[in-house]
Structure formats: C-alpha cells, structure tokens
Amino acid sequence: MQNIGLDGTAADDTGLLVGWLNRAELARELALSVDTLQRWETRRMGPPCVRVGRKVLYRMEAVRDWLRDQEARKTGANRAVAGRR
C-alpha cells in the first residue's frame with residue numbers, strides 16, 4: 001500500500017500516515033464507491049474518520065472495530081428474532 005500525502009501525491013515513507021487510509025483506498029478495500037463512503041459520513045453511519053483540511057482519513061484499526069461492531073449487531077439482531085419465535 002502506498003502512502004498518499006495530504007496533497008494527494010505519493011508521500012515519502014516517513015511513517016507518519018502508517019495505519020491510515022484515504023477515502024479512495026478504503027473504498028477500494030471494501031469494494032464500495034467513494035460516494036458511498038461520503039454518504040455514510042454525512043449520515044454518520046459509516047466507519048469513523050478524521051478530516052485534515054479537505055482530506056478524509058480512516059484509521060485502519062478503527063475501521064476494523066467498526067466492521068466487528070457491524071457484524072455483532074447483525075448476529076445479535078438475528079438471535080433476538082430467533083428467540084421470539
């Protein structure tokens with residue numbers, strides 16, 4: 001994975017942004033469109049992000065936690081429905 005500088009160009013590997021993804025990289029990882037991530041941010045339902053100027057960055061560990069939470073909510077909801085039957 002190539003580090004992208006805040007100006008959108010390839011950054012020297014200083015280690016500053018290790019563990020962070022920009023919106024395009026995360027969209028590619030999740031097989032989503034950039035627009036979907038943008039809509040999720042607006043609706044406050046997507047993974048947590050940080051704005052640095054005009055750039056939106058996602059911390060990989062926070063995205064993993066968000067994905068685990070989504071999975072837990074889904075399996076928890078299925079169990080609740082099954083218990084009521």
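All values below were derived from every heavy atom in this structure, side-chain atoms included, with hydrogens, water molecules and symmetry-related copies excluded.
- In Glu61, the CD atom is crowded: over 12 heavy atoms of neighbouring residues, nucleotides or ligands sit closer than 6.0 Å.
- Of the inter-residue distances, the one linking Gln70 atom CD with Lys74 atom NZ reads 10.5 Å to the nearest 0.5 angstrom.
- Counting heavy-atom neighbours within 6.0 Å of Arg54 CZ, excluding the residue itself, gives a total of 12 or less.
- In this structure, Leu57 and Cys49 have side chains that are not in contact, with every pair of non-hydrogen atoms separated by 4.5 Å or more.
- Side-chain contact annotation: Thr36 with Arg39, donor-acceptor N/O pair under 3.5 Å present.
- Note that CG of Asn22 is 9.5 Å distant from CG of Leu17, once rounded to the nearest 0.5 Å.
- Within the 4.5 Å cutoff, the side chain of Val50 has no heavy atoms near those of the Val56 side chain.
- Formation of a donor-acceptor pair under 3.5 Å by the Trp66 side chain with backbone atoms of Gly46 is found in this model.
- In this structure, Val63 and Leu21 have side chains that are not in contact, with every pair of non-hydrogen atoms separated by 4.5 Å or more.
- Between Arg28 and Arg23, the closest side-chain pair of non-hydrogen atoms is not below 4.5 Å.
- Note: the hydrophobic cluster containing Val34 does not contain Trp40 (ILVMFWY, side chain heavy atoms under 4.5 Å, direct or indirect links).
- There is a path of hydrophobic side-chain contacts, each under 4.5 Å, that joins Leu30 to Tyr58.
- In this structure, CD in Glu29 is found 8.5 Å from CE in Met60, a value given to the nearest 0.5 Å.
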